[in-house]
Amino acid sequence: MGAFIQNQILGMLWLKALTGKMLTAFGLDIESRIGGSVHFFFYDVIKITLLLFVLIFIISYIQSFFPPERSKKILSRCKGFPARVIAALLGTVTSFCSCSSIPLFMGFTTAGLPLGVTFSFLISSPMVDFASLILLTSIFGWKIAIAYVVLGLVVAIAGGTIIEHLHMEDQVEVLLTPVKCCCSCSKAKTTQKQRLVLSMHSVTDTLKKVFPYILLSVAVGAVIHNWIPENWIINTLGVKNPLGVILAVFAGIPMYSDIFGCISISESLLAKGALLGVVLSFMMAVTTLSLPSLIMLKKVIKTKLLVVFVSICVAGIILVGYFFNAFQALFLN
């Protein structure tokens, strides 16, 4: 039953077979490089779009119960380590990208919440969420998905703890105007109908914003999957390069995407021989430390705190990457 859910419902292998038959009917040889690339492209675009539609609708509905004011109340009831844990967990049901987390981060800071609590939320929100759990399960299996989310929460909690103990409250800028979010952020509604309408609007808004990145990601993934020599991937990101995790992290930082926008690249890299930790650390870097979000974050915190934040995230992601590399055989069996 578990294999059926992972392969046919989440992985949509039925869709892979269907697209293959349709392309073959049009005279395309899906066993060739070109045909295989086209098959990979159509299958992954349709699969990711369907998953995105369902997941964003569910997440948006859940988010409607956690508007910023309610989130502030939840976090203000706890202090110390429990508060950072709750903030990290709260991050899993809010926001879709790093940029949309920053206005909430500033709202929490302005409300007087401890800096460590707000940073635990800021790290967790784009890195680990319900969407990443489901999507990673569909591609890599439930063991990897759960481990990814758990370790992401550990990084978020540890990062918030370190920042809180550094007492860097003077490094937060005082803003006269709120920072605008790059994503659609709506106020919570009270009626069931309004929640459903809000969730559908969130789906359409999110699809409009991320669909170009999905197309680009899948296109790159198709090239990697069918055109990049396997030996090159193994030499660069496999066991022959102990610095592969570090390379993947710094390669992911300049990109701007969410997990939906980089999943196809990660899937193709793993299939070609890249180590599991390399692939997952790349995904974490893309979702957590995108260059646009760092530019936006620079507007609300000073350089010293920004450097500390980036350093903590980079160090945590690298450690997570090497952890997955060390136990790859356990996770992939």
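Residue numbers count from 1 along this sequence.
Note that CZ of Phe140 and CZ of Phe331 are 13.0 Å apart. Values are rounded to the nearest 0.5 Å. In this structure, Thr288 OG1 and Leu122 CG are separated by 9.0 Å, a value rounded to the nearest 0.5 Å. With rounding to the nearest 0.5 angstrom, the CD1 atom of Ile163 is 6.5 Å from the CG atom of Leu115. Rounding to the nearest 0.5 angstrom, the gap separating the CG atom in Leu135 from the NZ atom in Lys47 is 7.5 Å. Rounding to the nearest 0.5 Å places OG1 of Thr161 at 13.0 Å from CZ of Phe119. Between Ile317 atom CD1 and Met127 atom CE the span is 4.0 Å, to the nearest 0.5 Å.
Judged as a salt bridge (charged side-chain N to carboxylate O under 4.0 Å, His left out), not a single pair has a partner in residues 304-320 (not counting sequence neighbours).
The aromatic ring centroids of Phe327 and Phe323 lie less than 6.0 Å from each other.
Considering only residues two or more places apart in sequence or on other chains, Tyr61 meets the ring pair (Phe, Tyr, Trp, His ring centres under 6.0 Å) condition with Phe65. By the salt bridge (charged side-chain N to carboxylate O under 4.0 Å, His left out) test, Glu164 is found to be paired with Arg84, residues two or more places apart in sequence or in another chain being considered. For His39, there are no ring pair (Phe, Tyr, Trp, His ring centres under 6.0 Å) partners at least two apart in sequence or on another chain. Residues passing the ring pair (Phe, Tyr, Trp, His ring centres under 6.0 Å) test with Tyr43: none are found, sequence neighbours excluded. Applying the side-chain contact (heavy atoms from CB on, under 4.5 Å) test to Ile246 and every residue at least two apart in sequence or in another chain returns Leu243, Phe250, Ile318, Tyr322. When the ring pair (Phe, Tyr, Trp, His ring centres under 6.0 Å) test is applied to Phe282, no partner is found at least two apart in sequence or on another chain. Under the side-chain hydrogen bond (donor to acceptor under 3.5 Å, both in side chains) criterion, Ser266 pairs with no residue at all, not counting sequence neighbours. By the side-chain contact (heavy atoms from CB on, under 4.5 Å) test, Ala158 is found to be paired with no residue, residues two or more places apart in sequence or in another chain being considered.
Nearest heavy atom pair, residue Ala88 against residue Ala156, reads CB-CB, 4.1 Å. Closest approach of Phe40 and Ser264 over heavy atoms only: CZ-O, 4.2 Å. Scanning all heavy atoms of the two residues, the minimum distance from Gly159 to Ile123 falls at CA-CD1, 4.1 Å. Minimum interatomic distance between Val117 and Ala83 (heavy atoms only, all atoms of both residues): CG2-CB, 3.7 Å. Residues Ser281 and Gly321 come closest through the heavy atom pair CB-CA, 4.1 Å. In plain terms, the two heavy atoms of Phe41 and Leu215 that are nearest each other are CE1-O, 3.7 Å.
Residues Ile146 and Val128 are members of one and the same hydrophobic cluster, defined by side-chain heavy-atom contacts under 4.5 angstrom among Ile, Leu, Val, Met, Phe, Trp and Tyr. The hydrophobic clustering, which links ILVMFWY residues whose side-chain heavy atoms are closer than 4.5 Å, places Val307 and Met168 apart. Follow the hydrophobic side-chain contacts under 4.5 Å out from Val245 and you never reach Leu319; the two are in separate clusters. Tracing side-chain contacts under 4.5 Å through hydrophobic residues (I, L, V, M, F, W, Y), one reaches Leu51 starting from Leu13; they form part of the same cluster. By the criterion of side-chain heavy atoms lying less than 4.5 angstrom apart, applied directly or through intervening Ile, Leu, Val, Met, Phe, Trp or Tyr residues, Ile58 is grouped together with Ile134 in one hydrophobic cluster.
Thr137 places no side-chain N or O within donor-acceptor distance of the main-chain N or O of Trp142, the cut-off being under 3.5 Å. Between the side chain of Ser268 and the backbone N or O of Gly221 there is at least one donor-acceptor pair closer than 3.5 Å. For the pair Lys272 (side chain) and Ile228 (backbone), a donor-acceptor distance under 3.5 Å is present. Looking only at distances, a side-chain donor or acceptor of Thr19 sits under 3.5 Å from a matching main-chain atom of Leu15. Judged by distance alone, with hydrogens and angles left aside, the side-chain atoms of Ser124 form no donor-acceptor pair with the main-chain N or O of Phe121 at under 3.5 Å.
In this structure, Glu267 and Asp44 have side chains that are in contact, with non-hydrogen atoms separated by less than 4.5 Å. Contact check for Phe42 versus Val218: no side-chain heavy atoms found under the 4.5 Å cut-off. Val85 places none of its side-chain heavy atoms less than 4.5 Å from the side chain of Pro82. A heavy-atom distance below 4.5 Å is found between the side chains of Leu153 and Leu89. In this structure, Leu136 and Met283 have side chains that are in contact, with non-hydrogen atoms separated by less than 4.5 Å.
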Side-chain polar contacts of residues 231-239 - donor-acceptor pairs under 3.5 angstrom, sequence neighbours left out - could you list them?
| unit_1 | atom_1 | unit_2 | atom_2 | d |
| --- | --- | --- | --- | --- |
| Asn235 | ND2 | Asn231 | O | 3.1 |
| Thr236 | OG1 | Trp232 | O | 2.8 |

Quiz: residues 21-29 side-chain donor-acceptor pairs under 3.5 angstrom, not counting sequence neighbours:
| unit_1 | atom_1 | unit_2 | atom_2 | d |
| --- | --- | --- | --- | --- |
| Thr24 | OG1 | Gly20 | O | 2.7 |
| Asp29 | OD1 | Glu31 | N | 3.1 |

Solution key, residues 273-280 side-chain donor-acceptor pairs under 3.5 Å, sequence neighbours excluded:
none

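The local environment of CG in Leu332 is crowded, with over 12 non-hydrogen atoms from other residues, nucleotides or ligands closer than 6.0 Å.
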